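These figures come from a predicted structure and were not determined experimentally.
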Amino acid sequence: MAEEAGRRKRAAVVVLGDIGRSPRMQYHSLSLANQAGMEVDIVANGGSDPHLSLRENPSIHVHEMKSVQLSGISKISGALALLLKAVIQFIMLIWFLCFKIPRPDVFVVQNPPSVPTLAAVKLVSWLRGSKFIVDWHNFGYTLLGLSHGRSHIIVKIYFWIEKHFGRMADGAFCVTKAMQHELAQNWGIKATVLYDHSPEFFHPASLTEKHELFCRLGNSICSAMGSVDCISVEKEVEDKNTTVLTSKIDGGISLKPNRPALVVSSTSWTPDEDFSILLEAALMYDRRVAAILGEDDSMDEGQLWIDIKNGKQFDYPRLLFVITGKGPDRKKYEERIKKLNLRRVAFRTMWLASEDYPLLLGSADLGVSLHTSSSGLDLPMKVVDMFGCGLPVCAASFSCIEELVKVNRNGLLFSTSSELADELLMLFKGFPEECDTLKPLKDGALSTGSSSKWSTEWETCALPLVNQVIG
């Protein structure tokens, strides 16, 4: 008994997915280690490196599972592939959670995916005498319903499993008050709202950080997706003293007066984000600016780019869209981007190191969120990260987004590509010095991001539940 009393508490964080693309579960792990003083075992799929602060934490141990791919079977039968994949993942989870990690006091499980995660963790928690907390990010059955339809038998079975095993947990977190209400009223689950907040490493970037970041990203930023564009034409020789956004003269760094406006969007390239809205809005911005400035279709865009390169400024800037993320629809949209004929807009798609992503957000002028939520009850964490960097947001409108985005205070909402194009025109008129609409939104985003950080929210809302569950 004395040995048990002196033993350091242990938590197992379970993610049936890429831990590098699961920021909320990374933040849970850091808080369990640093704020709850626990040893933490992460059981997750590999793929992308988690943040450096997690990799270097001596109290956090990552146990990497292999992803299950059954592409050959899925071509024959999608239902059979789903069933086989779930069975293999179930066995793999049982093996890792029972035999590959020390006995934890509590499992903290990301949901979705719900199948087979919830059933596997419930079984192991019973076998090993551990507690079991579910962190509800969304509902798995609604995501499955995007591809199969809500009435499909597979979706109905998935819903039953998710609800049945979700109710067997010893505690629950969720991401919005709307989800908390849904879980309480229709699932019989009492959940604690733990809003997403950015950790301390999300902050506005300094001039030095911006310059160093864009020196590192030089090739990626200056290489056009397809033929030459309004950004790639600017960089013809290797010069570490100048980037697309910054110049370094006599050791001093400054932002270029004719720099493009940097717009960032992070996406998982999945069906719950309609990326075509952003492409259409970019095309509309391009055409509307040309019309406002009296340019006709016969104008030589090469001459326009030379004028811009030589320092000429216009009432409306070039837009550089940097789209980060990995996902199944990425190649499809990259092919569509290559076919766009744009004068003042350029796109770049990339996957950034976890240390560079906050710097990109902290260097940008505007964030765009296309997330609409399969359930309508979760909030996009990318927007939280943007606010942490003082970055205002144009976000796709859906039922509970106003729990996060306050219109005309820290961002704007849109429902169509035309509305988004109108917002881009309004926000960037007079860029970079005369943006009378954009500047107060920047102040509001910075205020939102600095009002509360993840560590504060976790200590207030999550730590009491963890302590209560493990007794």
Side-chain polar contacts of residues 387-394 - donor-acceptor pairs under 3.5 angstrom, sequence neighbours left out - could you list them?
none

Show every donor-acceptor pair shorter than 3.5 Å between a side-chain atom in residues 428-446 and any protein atom, with sequence neighbours excluded, or say none if there are none.
{"from": "K439", "atom 1": "NZ", "to": "E433", "atom 2": "O", "distance (Å)": "2.8"}

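Considering only residues two or more places apart in sequence or on other chains, S369 meets the side-chain hydrogen bond (donor to acceptor under 3.5 Å, both in side chains) condition with none of them. Legend: residues meeting side-chain hydrogen bond (donor to acceptor under 3.5 Å, both in side chains) with R216, ordered by chain and number and at least two apart, are D356. Under the ring pair (Phe, Tyr, Trp, His ring centres under 6.0 Å) criterion, F398 pairs with H371, sequence neighbours left out. Residues meeting the ring pair (Phe, Tyr, Trp, His ring centres under 6.0 Å) test with F107, sequence neighbours left out: none. Judged as a ring pair (Phe, Tyr, Trp, His ring centres under 6.0 Å), and not counting sequence neighbours, the contacts of F321 are F347. Legend: residues meeting ring pair (Phe, Tyr, Trp, His ring centres under 6.0 Å) with W95, ordered by chain and number and at least two apart, are F99. With sequence neighbours excluded, the residues that form a side-chain contact (heavy atoms from CB on, under 4.5 Å) with L207 are I253, L255.
Identified under the salt bridge (charged side-chain N to carboxylate O under 4.0 Å, His left out) test for residues 32-41, with sequence neighbours left out: R8-E39, R10-D41. Sorted by first and then second residue, the side-chain hydrogen bond (donor to acceptor under 3.5 Å, both in side chains) pairs with a member in residues 385-409 read Y195-E403; sequence neighbours excluded. Note on residues 14-23: no pairs pass salt bridge (charged side-chain N to carboxylate O under 4.0 Å, His left out), not counting sequence neighbours.
In this structure, K453 does not pair ionically with E457, as no charged nitrogen and carboxylate oxygen lie closer than 4.0 Å. A salt bridge between D229 and R343 is absent, with no side-chain N of the basic residue lying under 4.0 Å from a carboxylate O of the acidic one.
Proximity of T456 to H197: side-chain heavy atoms (C-beta onward) are nowhere separated by under 4.5 Å. With contacts defined as side-chain heavy-atom distances shorter than 4.5 Å, the pair E182/F139 qualifies.
A donor-acceptor contact under 3.5 angstrom links the side chains of N34 and N57, judged on distance only.
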